[in-house]
**Q** 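Next up is a structure, given as structure tokens.
Keep in mind the model is a prediction, meaning the values are calculated, not measured. Throughout, numbering of the chain's residues begins at 1 and tracks the sequence.
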Amino acid sequence: MFLLAFDKKVKSGRPTIVRICALASGSSGNSTFVATERTRLLVDAGLSYKDTCNRLLSIGEDPLRLDAIIITHEHSDHVGGLPRLAKKLNIPVYMTRLTAPLIDWLGYTPKLEPFQAGATLSIGDIEIDSFTIPHDARDPVGFCLRAQGIKFGVATDLGYVTDSIRFHLRGANLLLLESNHDIEMLKVGPYPWPVKQRVMSRVGHLSNEATCDFILRDFESGASALILGHLSEHNNHPEIARIGASQALEQRGLATRLVIAQQKQPSEVFTF
């Protein structure tokens, strides 16, 4: 059993064991903070060093206490701030063996911890299962982070939900899932047609419709909250994504809390 709250203080008086916050989510930068009492991680480092520090401080966390950074793939909105963060904080960076050579470290030699996609990592008291996702990067992965009986799934930047992804996300207490675009908005939006084709492809991004289909068919009924992330600024609107996902949850009869992750400010802090 666990308590889900949305501020730093646990109202029941129980000790906080896991804290999770989407610091930013979108095409301009992605980063998520995950912490236990012993271990503090970032999933992706798409924000600048200054923005990362400011957003951590805004939720009461000291950037200097970060223990490691884990990376999903090499696209700039996920690694744009990585070289400076890794250098300034002097902490290990975990990424797949095929992703590592694609990062420009700007002359810095990082504390690199390469792994094979599909491997399970142990960082402090957090166990991290990696799994391959379909996206147009070299070796993209999603993660499920497990600590103190809590499971947090991260699945963004994927063209569709594979059977493997469905398997890995089972049993998640909290899930950050992509809901990138509204198909009709994308079709009439400002992107060049080749870019639209790429976004809609099976190695592109998950549409609101596809996300709702996942909720209807595969979303874990025991999850306390669902965070919709990586919303397109030009081809989506938070309320469109929210309404569709809310209706899907209602059809399932689920009272799951629905949260929209934003680009310009951190999400609520989920405290278990």
**Q** Kindly indicate whether the side chain of Phe214, heavy atoms from C-beta on, has any atom under 4.5 Å from the side chain of Leu226.
**A** no

**Q** His168: which residues meet the ring-ring contact (aromatic ring centres under 6.0 Å, His included) condition with it, sequence neighbours left out?
**A** Phe131

**Q** Strictly by modelled atom types, are Asp77 and Asn30 linked by a side-chain donor-acceptor pair under 3.5 Å?
**A** yes

**Q** How would you list, by chain and number, every residue that makes a side chain to side chain donor-acceptor pair (under 3.5 Å) with Asp67, sequence neighbours excluded?
**A** none

**Q** Any side-chain heavy atom of His181 within less than 4.5 Å of one from Val199?
**A** yes

**Q** Considering residues at least two apart in sequence or located in another chain, which fulfil the side chain to side chain donor-acceptor pair (under 3.5 Å) criterion with Thr256?
**A** none

**Q** Per the side-chain contact (heavy atoms from CB on, under 4.5 Å) rule, which among Asp125, Ile17, Leu145 passes with Thr36?
**A** Asp125

**Q** Mind checking side chain to side chain donor-acceptor pair (under 3.5 Å) for Arg65 and listing every partner two or more places apart, or none if nothing turns up?
**A** none

**Q** Could you work out, with side chain to side chain donor-acceptor pair (under 3.5 Å) as the rule, every residue matching Arg166, not counting sequence neighbours?
**A** Asp163, Asp218

**Q** Just how far is it from atom CG of Leu249 to atom CG of Leu216, taken to the nearest 0.5 Å?
**A** 8.5 Å

**Q** Please check if the number of heavy atoms outside Glu239 that lie under 6.0 Å from its CD is greater than 12.
**A** yes

**Q** Tell me, which pairs form a ring pair (Phe, Tyr, Trp, His ring centres under 6.0 Å) where one or both residues lie in residues 42-101, sequence neighbours left out?
**A** His73-His75, His73-His78, His73-His135, His75-His135, His78-His230

**Q** I'd like to know if Asp51 and Arg55 make a salt bridge, using a cut-off of under 4.0 Å between side-chain N and carboxylate O.
**A** no

**Q** Once you round to the nearest 0.5 Å, how far does CD1 of Ile126 lie from OG1 of Thr39?
**A** 5.0 Å

**Q** Apply side-chain hydrogen bond (donor to acceptor under 3.5 Å, both in side chains) to the pair Asn208 and Asn236, showing each step before the final yes or no.
**A** CA-CA 8 Å; Asn208 294 339; Asn236 207 351; 2.9 Å; yes

**Q** Would Ser232 and Tyr191 count as a side-chain contact (heavy atoms from CB on, under 4.5 Å) if you check the C-alpha gap in whole Å, the side-chain angles of each, and the deciding distance to 0.1 Å?
**A** CA-CA 11 Å; Ser232 170; Tyr191 288 2; 3.9 Å; yes

